[in-house]
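Please read the structure below before turning to the comments.
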Amino acid sequence: MLCDATAAVFFLVLALCLSLPVAASETHAEVVDNTQTIELPLEQRLRLHDGQLALYEDPTGALDFTQVQQAWDAGLFRRAEAGQLNFGITQAAIWVRLKVSNPSSEYQRILLSHDYAPMDNIRLFCPLEDGGVEQWQAGDSVPVSDGMVKRRLANFDLRIGPGKTQVVYLRIRSNSNVNAELSAWPPEVFLSHENFYNLAYGLLFGAIVVTVLNLLFAWFLSRAQATLVLAAYLTSYGAYLGFFNGYPQVWAPAALLPHVNDMHLATMGLLFGFGALFYRRYLQIATINRGVDVCLQILQWMGFAVVFSPILPFYIIELLLFIVAGATPALTSAYAFYLWYKRVDHAGIFAIGWFVAHLSSILAAMRIGGSLPNEEWLWHLPALGCALAFMCFTGAVALRLSREVKSAYLDFLTGIANRRQLEQVFQAEFERARRYDRPLSVIVVDVDHFKRVNDEHGHALGDNILKDLAQRCQRLLRGSDLAARIGGEEFAILLIETDGHSALTVAERLRRSQAGADEGAGSVTLSLGVSELLCEDSSMSAIMERADEALYKAKSGGRNRVEGVALRARPAGDMARVVDIEEAMAKGQSGSTVSHGD
């Protein structure tokens with residue numbers, strides 16, 4: 001019995017001895033803190049890295065601070081590892097624990113900021129020596145705690161006593177990207193940093209407002225739909241950047257803060273909807289490929305559907321955002337470059353702007369999804385993309401408008417002025433000539449037997465004759481004169497500071513130049529009528545009517561002639577242009593006559 005009792009005691013003591021290291025090890029595991037302490041004072045910004053943070057993930061977001069402390073005591077926190085501060089889109093709440101030490105003999109202040117502006121809700125807990133807890137909250141969807149300053153970045157002002165070490169817990173939760181990107185700042189450095197970005201974004205938003213107003217003014221003048229759509233697109237982009245950078249926290253009333261995410265999604269929906277519409281309108285996709293245009297219309301309305309996110313199921317919103325913010329930018333950018341390769345008008349500068357804008361969108365989507373780290377340059381890439389893209393877009397629209405305006409005043413076949421431009425210039429010169437009693441003349445030109453040329457030799461040759469005639473007019477005229485095609489085979493020439501007799505000389509030169517040209521259809525001749533401004537003329541139409549009358553006389557007189565009607569007598573010694581019309585007639589080189597009317 002004694003042996004049995006001794007053996008029992010021996011095994012009991014042995015079991016206790018073997019269990020002690022395990023128990024000690026378990027007790028030690030609960031209190032191990034292998035994170036690095038942040039030591040004060042700081043002289044510049046300190047971006048908190050993985051070795052300074054301990055993390056705990058609450059999948060349901062239901063734990064309170066006491067339960068999280070128990071999780072720490074139970075060793076459930078893990079030290080953050082490199083590249084593991086971005087959790088992507090998750091419904092979980094992320095708890096972060098860090099330590100701040102002040103070995104100095106004075107109180108030290110730091111600002112602890114979360115560096116991702118659109119984070120919804122961040123709560124900070126500071127355990128006190130008496131067992132109490134101080135807590136504050138910030139974020140773009142909640143009002144800041146009393147005594148805190150509203151800023152675009154959630155930030156907390158910490159005062160650490162001399163020789164003290166303060167443990168800090170943060171609870172981070174968001175409906176969008178969740179990350180633990182934190183920084184510790186000297187207060188003056190943080191304020192300087194924020195002032196710089198506020199100034200930069202203020203300039204950007206100001207430029208957006210000015211550009212939108214200019215686009216609206218351009219639309220009012222031209223009624224070009226692309227300018228109006230671009231104005232809406234740029235406005236949506238500016239609103240999106242405002243939400244993305246946390247500015248609703250600064251200006252929005254507390255009642256709107258719970259709806260910030262819905263408004264942010266609405267700006268994204270408007271951005272992608274108006275973006276697709278601008279893409280279609282500017283590149284005129286419907287005239288290039290009807291099937292592609294239909295696809296873009298679908299994407300356009302999918303973008304607009306995101307505006308209704310508060311009433312749509314979450315999985316529908318996820319699907320829509322995946323399509324319009326993920327796949328669409330890559331596909332539309334590729335198609336824009338394809339159109340550039342095919343030399344579609346204005347596609348080049350548009351493709352560059354579209355790619356820049358949507359490259360930032362693609363990279364931002366990868367960052368939000370957790371595929372890329374939360375580097376600061378990535379946070380501000382959408383703003384940079386906006387600035388560069390809309391420089392391209394506004395330049396492209398301005399280029400198209402200038403070309404369209406220019407084409408509205410040019411003849412599409414010959415490239416010289418059309419009737420609209422002639423009438424505008426003629427009216428201005430008519431008023432100036434009457435005011436200052438200066439000479440002004442008009443020549444009306446018609447190609448003889450032009451219909452026969454078209455019928456016998458084809459319209460292609462007829463077009464070439466008109467183009468050659470336009471170039472011949474340009475070569476014979478001064479820079480101040482204006483040649484215009486006013487219809488069919490009829491042209492008009494406005495001669496500024498030129499009297500009627502000098503205009504006859506110019507008309508005769510043009511007639512002889514055309515008669516000596518080989519147009520591939522035999523001799524193609526001109527009939528020309530000349531008139532000039534008279535004192536009794538009350539409108540420019542009176543001059544044109546006399547020029548038409550002179551042209552009719554030239555045609556009825558056998559064609560290939562220059563006729564003038566109601567030309568004033570030439571002042572003595574006035575050589576006007578270069579040669580005198582009578583000298584040309586004496587040499588038998590002209591078929592011109594002058595008829596002086598009343």
Less than 4.5 Å apart, side chain to side chain, heavy atoms only: is that true for [X] and [Y]?
X: Ser531; Y: Ile543; value: yes
X: Leu241; Y: Phe205; value: yes
X: Phe390; Y: Val356; value: no
X: Thr525; Y: Arg511; value: no
X: Phe243; Y: Pro118; value: no
X: Leu477; Y: Val506; value: yes
X: Thr498; Y: Pro439; value: no
X: Leu533; Y: Arg434; value: yes

Looking at [X] and [Y], what are the two nearest heavy atoms and their distance?
X: Arg478; Y: Leu495; value: NH2-C, 4.4 Å
X: Leu466; Y: Gly488; value: CD1-O, 3.8 Å
X: Leu440; Y: Ala433; value: CB-CB, 4.1 Å
X: Cys473; Y: Leu510; value: SG-CD2, 3.8 Å
X: Ala547; Y: Val444; value: CB-CG2, 3.4 Å
X: Ala347; Y: Leu283; value: CA-CD2, 4.0 Å

How about [X]: does its [atom1] atom have over 12 heavy atoms from other parts shown lying under 6.0 Å from it?
X: Met263; atom1: CE; result: yes
X: Asn195; atom1: CG; result: yes
X: Tyr552; atom1: OH; result: no
X: Tyr197; atom1: OH; result: yes

Could you tell me whether the side chain of [X] and the main chain of [Y] form a donor-acceptor pair under 3.5 Å?
X: Ser333; Y: Ala330; answer: no
X: Thr227; Y: Ala224; answer: yes
X: Ser513; Y: Arg509; answer: no
X: His358; Y: Trp354; answer: yes
X: Asp537; Y: Leu534; answer: yes
X: Asp262; Y: Pro310; answer: no
X: Thr267; Y: Ala239; answer: no
X: Asp499; Y: His501; answer: yes
X: Glu532; Y: Gly500; answer: yes

Spacing of [X] atom [atom1] and [Y] atom [atom2] [to the nearest 0.5 Å]:
X: Arg280; Y: Thr332; atom1: CZ; atom2: OG1; value: 13.5 Å
X: Glu563; Y: Leu504; atom1: CD; atom2: CG; value: 9.0 Å
X: Ile416; Y: Lys467; atom1: CD1; atom2: NZ; value: 12.5 Å
X: Met302; Y: Leu321; atom1: CE; atom2: CG; value: 9.5 Å
X: Ile443; Y: Glu508; atom1: CD1; atom2: CD; value: 10.5 Å
X: Glu456; Y: His449; atom1: CD; atom2: NE2; value: 10.5 Å

Practice problem: Mind running side chain to side chain contact (heavy atoms under 4.5 Å, CB included) on Trp219 and Gln225 for me, showing each step along the way? | Solution: CA-CA 7 Å; Trp219 170 79; Gln225 292 297 318; 4.0 Å; yes
Quiz item: Just one of Thr414, Asp411, Asn418 clears the side chain to side chain donor-acceptor pair (under 3.5 Å) bar with Arg485, so which one?
Solution: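 Of Thr414, Asp411, Asn418, side chain to side chain donor-acceptor pair (under 3.5 Å) with Arg485 is met by Asp411 alone.
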Exercise. Among Gln424, Gln421, Arg419, find the residue that satisfies the side chain to side chain donor-acceptor pair (under 3.5 Å) test when tested with Tyr409.
Key: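 Exactly one pass, corresponding to Gln424.
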Would you call the rings of [X] and [Y] parallel, tilted or perpendicular if under 30° counts as parallel and over 60° as perpendicular?
X: Tyr240; Y: His264; result: tilted
X: Phe350; Y: Tyr282; result: parallel
X: Tyr233; Y: Phe278; result: tilted

Exercise. Kindly state whether the ring of Tyr201 and the ring of His380 have centres lying under 6.0 angstrom apart.
Key: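 They qualify: ring centres under 6.0 Å apart.
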Quiz item: When the aromatic ring centroids of Tyr237 and Phe274 are compared, is their separation below 6.0 Å?
Solution: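 Distance test on ring centres: not under 6.0 Å, no.
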Exercise. Establish, from distance only, whether the side-chain atoms of Glu423 and Gln427 form a donor-acceptor pair under 3.5 Å.
Key: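 Absent: no donor and acceptor within the cut-off.
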Quiz item: Distance only, no hydrogens: is a donor on one side chain within 3.5 Å (strictly under) of an acceptor on the other, for Ser527 and Asp446?
Solution: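 Checked: Ser527/Asp446 side chains show no N/O donor-acceptor pair below 3.5 Å.
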Quiz item: Salt bridge check: are Lys451 and Asp455 linked by an N-O gap of less than 4.0 Å?
Solution: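 Salt bridge flag = yes for Asp455 with Lys451.
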Self-check item: Ion pair check, Arg546 and Glu549, cut-off under 4.0 Å
Solution: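 Between Glu549 and Arg546 there is no salt bridge, as every charged N stays at least 4.0 Å from the carboxylate O atoms.
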Exercise. Any chance you could lay out the side chain to side chain contact (heavy atoms under 4.5 Å, CB included) test for Leu296 and Tyr279, step after step, and finish with the verdict?
Key: CA-CA 8 Å; Leu296 285 172; Tyr279 189 102; 3.4 Å; yes
Practice problem: Would you check, one step at a time, whether the test side chain to side chain contact (heavy atoms under 4.5 Å, CB included) holds for Asn289 with Asp293? | Solution: CA-CA 6 Å; Asn289 189 311; Asp293 186 63; over 6 Å; no
Practice problem: Could you point out which residue of Thr235, Leu215, Val212 forms a side chain to side chain contact (heavy atoms under 4.5 Å, CB included) with Leu230? | Solution: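 Per the side chain to side chain contact (heavy atoms under 4.5 Å, CB included) rule, the option paired with Leu230 is Leu215, out of Thr235, Leu215, Val212.
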Quiz item: Within 45° of the six-membered ring axis of Trp340 and under 6.0 Å from that ring's centre, is NZ or CZ of Arg343 located there?
Solution: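 Output no; distance or angle outside limits.
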Self-check item: Val442/Ile493 under side chain to side chain contact (heavy atoms under 4.5 Å, CB included): CA gap, chis, key distance, verdict
Solution: CA-CA 6 Å; Val442 173; Ile493 299 173; over 6 Å; no
